Amino acid sequence: GQQVMQIPQYQHVQEGEDFTTYCNSSTTLSNIQWYKQRPGGHPVFLIQLVKSGEVKKQKRLTFQFGEAKKNSSLHITATQTTDVGTYFCAGCVVNSNSGYALNFGKGTSLLVTP
Amino acid sequence: DAGITQSPRYKITETGRQVTLMCHQTWSHSYMFWYRQDLGHGLRLIYYSAAADITDKGEVPDGYVVSRSKTENFPLTLESATRSQTSVYFCASSLGAKNIQYFGAGTRLSVL
């Protein structure tokens, strides 16, 4: 089936270092969404990218959508301990059954050491 | 996200027993989803529903049953629980198939 691959699976950084997670799809995406799940919590929506080449920023977080709309990245500048958690991308693809389907990547778990 | 609630939050059961996990949303969202989350597997879709009385299988539907008689409720039933169904289960809802999904707090299920 249509899958969204996300790398790395785990990342351990020192506080203040940068962090990037990448998401790749074999098919063109209608949009891509990013979610964050804190330890013991539930996934929470962060942002949605729709346009080819789109870049959005939220404070220290920068989200990019590739020109071909098949890949995306989340970059965190100068990580803080509050950034700890698992970051999921979710790619929206055309689905023959219901029109669209949102396929989640397996997530990147970020650990930040003070 | 008080608009979507799951119950119970924690459940311990025995192999072979029937278990029902409840999900209720107050937003009148058309779509509802059930995921299971296991270490190393991320979020795997079990079943989803596009509207009341419309349900469809996801990636890992075996051993699970769903129903959606009302828009706001989407219960998930394990008809005969197995140890491999020990997991954290998340319910989510959205306006449409391509829209933002709002997740419940999750149910942690242990099958002994």
Side-chain angles (χ1 to χ4, degrees), chain A residues 1-10 21 23-25 27-51 56 63 65 69 85-111, chain B residues 1-7 9-10 21 23 25 27 29-61 68 87-109:
Chain A
Q2 297 159 327
Q3 290 187 342
V4 173
M5 307 303 293
Q6 191 172 354
I7 57 170
Q9 190 173 1
Y10 303 99
T21 174
C23 205
N24 292 288
S25 170
T27 58
T28 302
L29 301 172
S30 177
N31 69 56
I32 193 156
Q33 301 170 13
W34 286 90
Y35 294 75
K36 178 182 178 180
Q37 182 180 21
R38 295 182 186 275
H42 59 278
V44 175
F45 172 79
L46 290 176
I47 209 160
Q48 177 173 282
L49 305 171
V50 179
K51 299 177 182 177
K56 288 189 176 180
F63 303 84
F65 201 9
K69 299 183 71 173
T86 300
Y87 294 85
F88 292 97
C89 62
C92 184
V93 298
V94 175
N95 179 302
S96 59
N97 289 340
S98 60
Y100 294 95
L102 200 63
N103 296 329
F104 281 83
K106 290 190 176 182
T108 296
S109 293
L110 173 64
L111 179 63
Chain B
D1 293 331
I4 182 164
T5 54
Q6 292 184 235
S7 61
R9 291 294 314 280
Y10 303 92
L21 310 184
C23 181
Q25 53 106 353
W27 293 308
H29 282 170
S30 295
Y31 278 77
M32 296 188 75
F33 309 84
W34 274 107
Y35 296 90
R36 60 177 290 174
Q37 185 173 38
D38 306 287
L39 199 62
H41 291 279
L43 294 164
R44 291 186 290 177
L45 182 64
I46 305 171
Y47 270 96
Y48 68 98
S49 169
D53 297 322
I54 301 175
T55 62
D56 208 347
K57 296 177 180 179
E59 180 186 355
V60 288
R68 192 154 177 221
S87 186
V88 180
Y89 291 85
F90 287 103
C91 177
S93 72
S94 68
L95 275 172
K98 61 190 297 187
N99 295 100
I100 300 165
Q101 292 191 12
Y102 297 89
F103 286 78
T107 295
R108 186 174 294 275
L109 175 68

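These numbers come from the heavy atoms of this one structure, side chains and all, not from hydrogens, waters or symmetry mates. These numbers come from a predicted model, not from an experiment.
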- prompt: Between B:Gly106, B:Ala92, B:Gly40, which has the largest tally of heavy atom pairs under 4.5 Å with chain A?
  reply: B:Gly40
field: Interface moiety of B:Gln101 toward chain A, non-hydrogen atoms closer than 4.5 Å
entry: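 Interface part for B:Gln101: both.
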field: Validation row: B:Leu43, A:Tyr35 side chains within 4.5 angstrom (heavy atoms)
entry: no
B:Cys23 side chain reached by B:Ile4 side chain, heavy atoms, under 4.5 Å: yes
- line: By salt bridge (Lys or Arg N to Asp or Glu O under 4.0 Å), B:Asp38 pairs with (sequence neighbours left out) B:Arg36, B:Arg44
field: chain B contact via A:Gln6 - side chain, backbone, both or neither, heavy atoms under 4.5 Å
entry: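 Neither part.
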task: Applying side chain to side chain contact (heavy atoms under 4.5 Å, CB included), name anything that partners B:Leu45, two or more places apart in sequence or on another chain.
output: B:Phe33, B:Tyr35, B:Tyr48
